[in-house]
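Take a look at the structure set out below.
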Amino acid sequence: MTRGLTLLFAVAAGAAVGNLYWAQPLLEAIAGDLHASAAAAGWLVTATQLGYAIGILLVVPLGDVVDRRRLTVLMMLASAVVLVACALAPSFAFLLVALCLLGITTIAGQILTPLAGDLARDADRGRIVGTVVAGILTGILASRTISGLVAGLGGWRAVYAAAAVAVVVLAGLVWRALPPLAPKARVSYSKLLASVGAVVVRERPVRWTLALSTAGFATFTLFWTSLTFLLAGPPFNYPVSAIGLFGLIGIAGAVTAQRAGRLHDRGWSLPATGIAWALVLASFVIAAFSGASVWMLVAVVFLLDVAIQGQNVLNQSRLLALSHEARSRLNTAYVTANFIGGAIGSAVAALLWSAGGWTAIAIAGIVLGCFGLCVWSLGRKGPLTATKLAENP
(Lines give C-alpha, C1' and ligand atoms only; values in the text may rest on other atoms or scores of the structure.)
Protein backbone atom coordinates (compact mmCIF):
# COMPACT_ATOMS: atom_id res chain seq x y z
CA MET A 1 0.00 0.00 0.00
CA THR A 2 1.89 3.04 -1.29
CA ARG A 3 0.74 6.51 -0.29
CA GLY A 4 -0.73 7.05 -3.76
CA LEU A 5 -2.72 3.81 -3.67
CA THR A 6 -3.90 4.54 -0.13
CA LEU A 7 -5.11 7.95 -1.27
CA LEU A 8 -6.92 6.44 -4.27
CA PHE A 9 -8.60 3.88 -2.02
CA ALA A 10 -9.69 6.66 0.35
CA VAL A 11 -11.09 8.88 -2.44
CA ALA A 12 -12.85 6.02 -4.26
CA ALA A 13 -14.30 4.67 -1.03
CA GLY A 14 -15.42 8.15 0.04
CA ALA A 15 -17.09 8.81 -3.31
CA ALA A 16 -18.92 5.48 -3.15
CA VAL A 17 -20.33 5.97 0.32
CA GLY A 18 -21.02 9.66 -0.37
CA ASN A 19 -23.70 8.50 -2.83
CA LEU A 20 -25.79 7.49 0.18
CA TYR A 21 -26.01 11.04 1.47
CA TRP A 22 -26.58 13.33 -1.51
CA ALA A 23 -30.26 13.52 -0.58
CA GLN A 24 -29.79 14.51 3.06
CA PRO A 25 -29.51 18.32 2.67
CA LEU A 26 -31.95 18.20 -0.28
CA LEU A 27 -34.93 16.66 1.52
CA GLU A 28 -37.01 19.83 1.49
CA ALA A 29 -36.17 20.57 -2.17
CA ILE A 30 -36.93 17.01 -3.32
CA ALA A 31 -40.16 16.89 -1.33
CA GLY A 32 -41.32 20.15 -2.92
CA ASP A 33 -40.39 19.11 -6.45
CA LEU A 34 -41.93 15.63 -6.22
CA HIS A 35 -44.94 16.69 -4.10
CA ALA A 36 -44.11 14.70 -0.96
CA SER A 37 -44.30 15.56 2.74
CA ALA A 38 -41.23 16.26 4.88
CA ALA A 39 -41.87 13.06 6.86
CA ALA A 40 -41.99 11.03 3.63
CA ALA A 41 -38.79 12.69 2.40
CA GLY A 42 -36.98 11.40 5.49
CA TRP A 43 -37.53 7.89 4.15
CA LEU A 44 -35.28 8.63 1.16
CA VAL A 45 -32.22 8.43 3.43
CA THR A 46 -33.62 5.38 5.21
CA ALA A 47 -34.28 3.53 1.94
CA THR A 48 -30.74 4.21 0.73
CA GLN A 49 -29.22 2.92 3.95
CA LEU A 50 -31.38 -0.21 3.99
CA GLY A 51 -30.31 -0.87 0.40
CA TYR A 52 -26.70 -0.37 1.45
CA ALA A 53 -27.08 -2.91 4.25
CA ILE A 54 -28.49 -5.41 1.74
CA GLY A 55 -25.62 -4.78 -0.69
CA ILE A 56 -23.05 -5.16 2.06
CA LEU A 57 -24.60 -8.42 3.23
CA LEU A 58 -25.02 -10.03 -0.21
CA VAL A 59 -22.05 -8.65 -2.19
CA VAL A 60 -19.15 -7.67 0.08
CA PRO A 61 -18.46 -11.24 1.38
CA LEU A 62 -17.52 -12.10 -2.22
CA GLY A 63 -14.32 -10.13 -1.58
CA ASP A 64 -12.94 -13.24 0.17
CA VAL A 65 -13.60 -15.55 -2.81
CA VAL A 66 -13.39 -13.53 -6.09
CA ASP A 67 -11.06 -11.07 -7.85
CA ARG A 68 -11.60 -7.88 -5.83
CA ARG A 69 -10.34 -5.63 -8.60
CA ARG A 70 -13.08 -6.82 -10.96
CA LEU A 71 -15.74 -6.84 -8.23
CA THR A 72 -14.92 -3.27 -7.13
CA VAL A 73 -15.04 -1.79 -10.62
CA LEU A 74 -18.21 -3.70 -11.56
CA MET A 75 -20.07 -2.34 -8.55
CA MET A 76 -18.83 1.21 -9.19
CA LEU A 77 -20.14 1.12 -12.76
CA ALA A 78 -23.46 -0.34 -11.61
CA SER A 79 -23.87 2.50 -9.12
CA ALA A 80 -23.19 5.02 -11.91
CA VAL A 81 -26.12 3.60 -13.90
CA VAL A 82 -28.42 3.91 -10.89
CA LEU A 83 -27.24 7.48 -10.24
CA VAL A 84 -28.41 8.39 -13.74
CA ALA A 85 -31.79 6.84 -12.93
CA CYS A 86 -31.99 9.00 -9.78
CA ALA A 87 -31.25 12.12 -11.83
CA LEU A 88 -34.12 11.28 -14.18
CA ALA A 89 -36.64 10.15 -11.52
CA PRO A 90 -40.16 11.20 -12.62
CA SER A 91 -41.85 10.60 -9.24
CA PHE A 92 -41.17 10.25 -5.53
CA ALA A 93 -41.90 6.49 -5.60
CA PHE A 94 -39.46 5.98 -8.49
CA LEU A 95 -36.76 7.92 -6.64
CA LEU A 96 -37.36 5.91 -3.47
CA VAL A 97 -36.81 2.63 -5.34
CA ALA A 98 -33.82 4.03 -7.25
CA LEU A 99 -32.15 5.18 -4.03
CA CYS A 100 -32.63 1.72 -2.53
CA LEU A 101 -30.87 0.26 -5.60
CA LEU A 102 -28.17 2.89 -5.26
CA GLY A 103 -27.55 1.71 -1.72
CA ILE A 104 -27.22 -1.90 -2.93
CA THR A 105 -24.68 -1.03 -5.64
CA THR A 106 -22.54 1.69 -4.04
CA ILE A 107 -20.58 -0.68 -1.78
CA ALA A 108 -17.11 -0.35 -3.36
CA GLY A 109 -15.72 1.37 -0.26
CA GLN A 110 -16.45 -1.68 1.85
CA ILE A 111 -14.59 -3.93 -0.59
CA LEU A 112 -11.61 -1.59 -0.62
CA THR A 113 -11.34 -1.25 3.18
CA PRO A 114 -10.57 -4.93 3.98
CA LEU A 115 -8.41 -5.06 0.83
CA ALA A 116 -6.33 -2.20 2.26
CA GLY A 117 -5.99 -4.24 5.45
CA ASP A 118 -4.77 -7.23 3.44
CA LEU A 119 -2.20 -5.23 1.47
CA ALA A 120 -0.86 -3.27 4.47
CA ARG A 121 2.00 -4.37 6.72
CA ASP A 122 1.03 -5.34 10.28
CA ALA A 123 2.78 -2.29 11.75
CA ASP A 124 0.93 0.10 9.43
CA ARG A 125 -2.48 -1.56 9.23
CA GLY A 126 -4.22 0.74 11.69
CA ARG A 127 -2.88 3.85 9.95
CA ILE A 128 -3.78 2.67 6.44
CA VAL A 129 -7.22 1.34 7.36
CA GLY A 130 -7.75 4.55 9.33
CA THR A 131 -6.91 6.61 6.24
CA VAL A 132 -9.35 4.67 4.04
CA VAL A 133 -12.08 4.81 6.70
CA ALA A 134 -11.42 8.54 7.14
CA GLY A 135 -11.90 8.84 3.37
CA ILE A 136 -15.25 7.10 3.70
CA LEU A 137 -16.31 9.36 6.54
CA THR A 138 -15.07 12.45 4.73
CA GLY A 139 -17.11 11.33 1.72
CA ILE A 140 -20.20 11.12 3.91
CA LEU A 141 -19.68 14.67 5.13
CA ALA A 142 -18.37 16.21 1.91
CA SER A 143 -21.39 14.83 0.07
CA ARG A 144 -23.64 17.14 2.08
CA THR A 145 -21.59 20.21 1.23
CA ILE A 146 -21.16 19.31 -2.44
CA SER A 147 -24.82 18.36 -2.71
CA GLY A 148 -26.01 21.67 -1.32
CA LEU A 149 -23.69 23.72 -3.53
CA VAL A 150 -24.45 21.83 -6.75
CA ALA A 151 -28.19 21.85 -6.04
CA GLY A 152 -28.03 25.59 -5.42
CA LEU A 153 -26.59 26.04 -8.91
CA GLY A 154 -28.37 23.40 -10.99
CA GLY A 155 -31.10 21.78 -8.89
CA TRP A 156 -31.11 18.50 -7.02
CA ARG A 157 -31.07 16.35 -10.20
CA ALA A 158 -27.71 17.82 -11.21
CA VAL A 159 -26.19 16.36 -8.04
CA TYR A 160 -26.88 12.79 -9.14
CA ALA A 161 -25.78 13.42 -12.73
CA ALA A 162 -22.42 14.83 -11.58
CA ALA A 163 -21.95 11.93 -9.15
CA ALA A 164 -22.43 9.43 -12.00
CA VAL A 165 -19.61 11.04 -13.99
CA ALA A 166 -17.28 11.09 -10.97
CA VAL A 167 -17.87 7.40 -10.21
CA VAL A 168 -17.07 6.35 -13.79
CA VAL A 169 -13.77 8.28 -13.70
CA LEU A 170 -12.77 6.72 -10.37
CA ALA A 171 -13.69 3.24 -11.61
CA GLY A 172 -11.21 3.69 -14.45
CA LEU A 173 -8.46 4.80 -12.06
CA VAL A 174 -9.02 1.84 -9.73
CA TRP A 175 -8.94 -0.58 -12.69
CA ARG A 176 -5.58 0.82 -13.82
CA ALA A 177 -4.04 0.97 -10.33
CA LEU A 178 -4.80 -2.60 -9.21
CA PRO A 179 -3.55 -5.84 -10.75
CA PRO A 180 -5.86 -8.89 -10.88
CA LEU A 181 -6.23 -10.22 -7.33
CA ALA A 182 -6.52 -13.95 -6.77
CA PRO A 183 -9.32 -15.17 -4.45
CA LYS A 184 -8.26 -15.90 -0.86
CA ALA A 185 -10.53 -18.94 -0.47
CA ARG A 186 -12.80 -21.33 -2.34
CA VAL A 187 -16.18 -21.34 -0.63
CA SER A 188 -19.69 -21.73 -2.02
CA TYR A 189 -21.84 -18.60 -1.95
CA SER A 190 -24.36 -20.11 0.48
CA LYS A 191 -21.62 -21.16 2.90
CA LEU A 192 -19.96 -17.78 2.50
CA LEU A 193 -23.11 -15.93 3.58
CA ALA A 194 -23.78 -18.40 6.38
CA SER A 195 -20.28 -17.86 7.76
CA VAL A 196 -20.99 -14.14 8.20
CA GLY A 197 -23.81 -14.85 10.62
CA ALA A 198 -21.91 -17.72 12.21
CA VAL A 199 -18.93 -15.57 13.18
CA VAL A 200 -21.26 -13.03 14.82
CA VAL A 201 -23.14 -15.69 16.76
CA ARG A 202 -20.00 -17.55 17.82
CA GLU A 203 -17.55 -14.75 18.63
CA ARG A 204 -18.19 -12.45 21.62
CA PRO A 205 -15.59 -9.83 20.56
CA VAL A 206 -17.43 -9.40 17.26
CA ARG A 207 -20.83 -9.00 18.94
CA TRP A 208 -19.57 -6.42 21.44
CA THR A 209 -17.79 -4.42 18.76
CA LEU A 210 -20.94 -4.47 16.61
CA ALA A 211 -23.02 -3.23 19.55
CA LEU A 212 -20.73 -0.20 19.89
CA SER A 213 -20.54 0.55 16.18
CA THR A 214 -24.28 0.14 15.54
CA ALA A 215 -25.16 2.51 18.36
CA GLY A 216 -22.57 4.98 17.09
CA PHE A 217 -23.91 5.05 13.56
CA ALA A 218 -27.52 5.29 14.72
CA THR A 219 -26.44 8.35 16.74
CA PHE A 220 -24.66 9.80 13.71
CA THR A 221 -27.63 9.57 11.33
CA LEU A 222 -30.11 10.62 14.03
CA PHE A 223 -28.20 13.88 14.40
CA TRP A 224 -27.53 14.68 10.75
CA THR A 225 -31.04 13.87 9.52
CA SER A 226 -32.65 16.04 12.19
CA LEU A 227 -30.09 18.82 11.69
CA THR A 228 -31.42 19.23 8.13
CA PHE A 229 -34.94 19.77 9.45
CA LEU A 230 -33.68 22.19 12.13
CA LEU A 231 -31.70 24.36 9.72
CA ALA A 232 -34.39 24.39 7.02
CA GLY A 233 -37.02 25.79 9.41
CA PRO A 234 -37.28 28.77 11.79
CA PRO A 235 -35.33 30.48 13.24
CA PHE A 236 -32.65 29.65 10.61
CA ASN A 237 -34.56 29.10 7.34
CA TYR A 238 -31.31 28.27 5.53
CA PRO A 239 -31.28 27.29 1.82
CA VAL A 240 -29.85 23.91 0.80
CA SER A 241 -26.50 25.48 -0.13
CA ALA A 242 -26.06 26.83 3.42
CA ILE A 243 -27.19 23.57 5.01
CA GLY A 244 -24.63 21.69 2.94
CA LEU A 245 -21.82 23.92 4.24
CA PHE A 246 -22.25 22.38 7.70
CA GLY A 247 -20.61 19.31 6.21
CA LEU A 248 -17.33 21.24 6.08
CA ILE A 249 -17.30 21.34 9.88
CA GLY A 250 -17.68 17.59 9.96
CA ILE A 251 -14.80 17.17 7.52
CA ALA A 252 -12.52 18.91 10.01
CA GLY A 253 -13.68 16.34 12.53
CA ALA A 254 -12.91 13.54 10.06
CA VAL A 255 -9.36 14.80 9.56
CA THR A 256 -8.87 14.81 13.33
CA ALA A 257 -10.37 11.34 13.67
CA GLN A 258 -7.99 9.94 11.03
CA ARG A 259 -5.34 9.97 13.75
CA ALA A 260 -7.35 7.28 15.55
CA GLY A 261 -5.74 4.63 13.34
CA ARG A 262 -2.35 5.55 14.80
CA LEU A 263 -3.79 5.18 18.32
CA HIS A 264 -4.80 1.63 17.40
CA ASP A 265 -1.27 0.83 16.17
CA ARG A 266 0.11 2.08 19.51
CA GLY A 267 -2.24 -0.10 21.56
CA TRP A 268 -4.50 2.69 22.81
CA SER A 269 -7.64 1.62 20.97
CA LEU A 270 -9.90 0.85 23.94
CA PRO A 271 -9.10 3.92 26.08
CA ALA A 272 -9.61 6.15 23.02
CA THR A 273 -12.98 4.46 22.32
CA GLY A 274 -14.16 5.36 25.83
CA ILE A 275 -13.09 8.99 25.34
CA ALA A 276 -14.99 9.06 22.04
CA TRP A 277 -18.21 7.94 23.72
CA ALA A 278 -17.77 10.55 26.44
CA LEU A 279 -17.55 13.17 23.66
CA VAL A 280 -20.77 11.82 22.11
CA LEU A 281 -22.57 12.31 25.39
CA ALA A 282 -21.12 15.81 25.86
CA SER A 283 -22.11 16.75 22.30
CA PHE A 284 -25.78 16.00 22.84
CA VAL A 285 -25.83 17.73 26.23
CA ILE A 286 -24.59 20.86 24.42
CA ALA A 287 -27.06 20.21 21.58
CA ALA A 288 -29.95 20.32 24.04
CA PHE A 289 -29.20 24.03 24.61
CA SER A 290 -28.19 24.96 21.04
CA GLY A 291 -31.43 24.83 19.06
CA ALA A 292 -31.32 28.57 18.33
CA SER A 293 -27.55 29.20 18.30
CA VAL A 294 -25.65 28.53 15.10
CA TRP A 295 -22.26 28.75 16.84
CA MET A 296 -23.22 26.16 19.44
CA LEU A 297 -24.43 23.93 16.61
CA VAL A 298 -21.05 24.32 14.91
CA ALA A 299 -19.34 23.14 18.11
CA VAL A 300 -21.71 20.18 18.39
CA VAL A 301 -21.09 19.13 14.77
CA PHE A 302 -17.32 19.21 15.28
CA LEU A 303 -17.29 17.33 18.60
CA LEU A 304 -19.79 14.71 17.46
CA ASP A 305 -17.95 13.99 14.21
CA VAL A 306 -14.58 13.65 15.96
CA ALA A 307 -16.20 11.22 18.42
CA ILE A 308 -18.21 9.08 15.99
CA GLN A 309 -15.60 8.93 13.29
CA GLY A 310 -12.78 8.28 15.74
CA GLN A 311 -14.57 5.35 17.33
CA ASN A 312 -15.55 4.05 13.90
CA VAL A 313 -11.88 3.82 12.87
CA LEU A 314 -10.98 2.18 16.18
CA ASN A 315 -13.82 -0.36 16.06
CA GLN A 316 -13.11 -1.33 12.47
CA SER A 317 -9.36 -1.60 13.00
CA ARG A 318 -9.85 -3.90 16.00
CA LEU A 319 -12.32 -6.06 14.10
CA LEU A 320 -10.20 -6.44 10.95
CA ALA A 321 -7.20 -7.40 13.11
CA LEU A 322 -9.05 -10.48 14.40
CA SER A 323 -8.58 -12.53 11.20
CA HIS A 324 -6.72 -12.34 7.88
CA GLU A 325 -8.74 -15.00 6.08
CA ALA A 326 -12.15 -13.54 6.86
CA ARG A 327 -11.65 -9.76 6.66
CA SER A 328 -14.33 -9.21 3.99
CA ARG A 329 -16.84 -11.22 6.00
CA LEU A 330 -15.99 -9.43 9.24
CA ASN A 331 -16.31 -6.13 7.40
CA THR A 332 -19.65 -7.32 6.02
CA ALA A 333 -20.98 -7.95 9.51
CA TYR A 334 -19.58 -4.63 10.71
CA VAL A 335 -20.97 -2.42 7.97
CA THR A 336 -24.32 -4.24 7.72
CA ALA A 337 -24.86 -3.68 11.43
CA ASN A 338 -23.73 -0.04 11.09
CA PHE A 339 -26.14 0.80 8.34
CA ILE A 340 -29.06 -1.00 9.91
CA GLY A 341 -28.31 1.27 12.86
CA GLY A 342 -28.05 4.20 10.45
CA ALA A 343 -31.43 3.40 8.89
CA ILE A 344 -33.01 3.16 12.33
CA GLY A 345 -31.41 6.46 13.32
CA SER A 346 -32.81 8.23 10.23
CA ALA A 347 -36.28 6.78 10.72
CA VAL A 348 -36.33 7.62 14.43
CA ALA A 349 -35.13 11.15 13.65
CA ALA A 350 -38.16 11.76 11.43
CA LEU A 351 -40.53 10.41 14.09
CA LEU A 352 -38.92 12.26 17.00
CA TRP A 353 -38.79 15.49 15.02
CA SER A 354 -42.55 15.28 14.41
CA ALA A 355 -43.21 14.42 18.06
CA GLY A 356 -40.86 16.71 19.97
CA GLY A 357 -38.54 18.62 17.66
CA TRP A 358 -34.91 19.30 18.53
CA THR A 359 -35.38 18.64 22.25
CA ALA A 360 -36.53 15.08 21.56
CA ILE A 361 -33.51 14.54 19.29
CA ALA A 362 -31.10 15.77 21.99
CA ILE A 363 -32.64 13.49 24.64
CA ALA A 364 -32.37 10.48 22.30
CA GLY A 365 -28.72 11.30 21.64
CA ILE A 366 -27.99 11.51 25.39
CA VAL A 367 -29.60 8.09 25.90
CA LEU A 368 -27.49 6.59 23.09
CA GLY A 369 -24.34 8.18 24.52
CA CYS A 370 -25.01 6.61 27.93
CA PHE A 371 -25.66 3.24 26.26
CA GLY A 372 -22.35 3.37 24.38
CA LEU A 373 -20.41 4.24 27.54
CA CYS A 374 -22.03 1.35 29.41
CA VAL A 375 -21.16 -1.18 26.68
CA TRP A 376 -17.58 0.11 26.49
CA SER A 377 -17.18 0.05 30.29
CA LEU A 378 -18.41 -3.55 30.56
CA GLY A 379 -16.41 -4.81 27.58
CA ARG A 380 -13.06 -3.06 27.99
CA LYS A 381 -11.71 -5.72 30.40
CA GLY A 382 -13.28 -8.68 28.64
CA PRO A 383 -14.60 -9.32 25.11
CA LEU A 384 -13.30 -6.08 23.58
CA THR A 385 -9.69 -7.02 24.43
CA ALA A 386 -9.53 -10.09 22.12
CA THR A 387 -6.79 -10.08 19.45
CA LYS A 388 -7.98 -12.99 17.28
CA LEU A 389 -11.02 -15.12 16.60
CA ALA A 390 -11.45 -18.32 18.59
CA GLU A 391 -12.04 -20.22 15.30
CA ASN A 392 -11.61 -19.49 11.60
CA PRO A 393 -14.94 -18.82 9.80
Side-chain angles (χ1 to χ4, degrees), residues 1-22 52 55-56 58-87 101-122 124-143 146 150 159-185 251 254-255 258 261 313 316 320 324 327-328 331-332 335:
M1 288 294 292
T2 63
R3 289 189 176 184
L5 189 57
T6 302
L7 178 61
L8 177 59
F9 273 35
V11 173
V17 79
N19 288 332
L20 302 174
Y21 295 96
W22 298 127
Y52 193 64
I56 294 297
L58 298 182
V59 180
V60 170
L62 292 171
D64 285 335
V65 297
V66 302
D67 181 343
R68 285 165 287 180
R69 176 200 190 208
R70 183 174 298 173
L71 179 62
T72 301
V73 172
L74 178 63
M75 297 313 298
M76 292 176 78
L77 294 176
S79 68
V81 172
V82 181
L83 283 164
V84 173
C86 292
L101 291 174
L102 180 61
I104 293 171
T105 56
T106 191
I107 47 82
Q110 303 306 334
I111 302 170
L112 292 171
T113 301
L115 176 57
D118 282 351
L119 297 178
R121 296 181 303 169
D122 290 343
D124 297 328
R125 183 166 294 117
R127 176 181 61 82
I128 289 174
V129 170
T131 300
V132 177
V133 172
I136 289 174
L137 298 170
T138 301
I140 293 174
L141 297 165
S143 63
I146 295 169
V150 174
V159 174
Y160 290 96
V165 174
V167 169
V168 170
V169 171
L170 286 168
L173 293 174
V174 170
W175 181 262
R176 292 189 62 182
L178 288 176
L181 298 165
K184 292 190 292 182
I251 290 173
V255 172
Q258 192 271 337
V313 170
Q316 197 162 17
L320 294 181
H324 167 74
R327 283 203 178 106
S328 289
N331 200 54
T332 294
V335 182

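Please read these numbers as outputs of a predicted model, since none were measured by experiment.
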Scan the side chains in residues 2-20 for donor-acceptor partners under 3.5 Å anywhere in the protein, sequence neighbours excluded, and list what turns up.
from  : atom 1 : to     : atom 2 : distance (Å)
Thr2  : OG1    : Leu5   : N      : 3.1
Thr6  : OG1    : Thr2   : O      : 2.8
Asn19 : OD1    : Trp22  : NE1    : 2.8
Asn19 : ND2    : Thr106 : OG1    : 3.1

Query raised in the report: Would Leu178 and Leu115 satisfy side-chain contact (heavy atoms from CB on, under 4.5 Å), going step by step from the backbone distance to the final call?
Result: CA-CA 11 Å; Leu178 288 176; Leu115 176 57; 4.1 Å; yes
Provide the closest heavy-atom pair for [X] versus [Y] in the form atom of the first, atom of the second, distance.
{"X": "Val132", "Y": "Ala116", "value": "CG2-CB, 3.9 Å"}
{"X": "Leu58", "Y": "Pro61", "value": "C-CD, 4.1 Å"}
{"X": "Gly109", "Y": "Thr113", "value": "O-OG1, 2.8 Å"}
{"X": "Ile107", "Y": "Gly55", "value": "CG2-C, 4.0 Å"}

Query raised in the report: Who passes salt bridge (charged side-chain N to carboxylate O under 4.0 Å, His left out) against Asp118, sequence neighbours left out?
Result: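 For Asp118 the salt bridge (charged side-chain N to carboxylate O under 4.0 Å, His left out) partners, ignoring immediate neighbours, are Arg68, Lys184, Arg327.
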Query - Approximate separation, where rounding is to 0.5 Å, of Leu170 CG and Trp175 CH2 - result: 16.0 Å
Report task. First locate atom CG of Leu62, then atom CG of Asp67, and finally report the distance between them rounded to the nearest 0.5 Å. Result -> 12.0 Å
Query raised in the report: Partners of Ala80 by side-chain contact (heavy atoms from CB on, under 4.5 Å), sequence neighbours excluded?
Result: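 Partners of Ala80 by the side-chain contact (heavy atoms from CB on, under 4.5 Å) criterion, ordered by chain and then number, come out as Val167, Val168.
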Requested in this report: Using side chain to side chain donor-acceptor pair (under 3.5 Å) as the criterion, list what pairs up with Gln316, not counting sequence neighbours.
Outcome: Asn331
Query raised in the report: Which residues satisfy the side chain to side chain donor-acceptor pair (under 3.5 Å) test with Tyr21, sequence neighbours excluded?
Result: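 By the side chain to side chain donor-acceptor pair (under 3.5 Å) rule, Tyr21 matches Gln49.
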Query raised in the report: If we only count heavy atoms from C-beta on, is the Val60 to Leu71 side-chain gap below 4.5 Å?
Result: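 The answer is no, as the side chains (C-beta and beyond) never meet within the 4.5 Å cut-off.
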**Report entry** Sequence neighbours excluded, every pair satisfying side chain to side chain donor-acceptor pair (under 3.5 Å) that has a member inside residues 69-80
**Finding:**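 Counting only pairs at least two positions apart or across chains, no side chain to side chain donor-acceptor pair (under 3.5 Å) contact touches residues 69-80.
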Query raised in the report: Step by step, would you call Leu77 with Val81 a side-chain contact (heavy atoms from CB on, under 4.5 Å)?
Result: CA-CA 7 Å; Leu77 294 176; Val81 172; over 6 Å; no
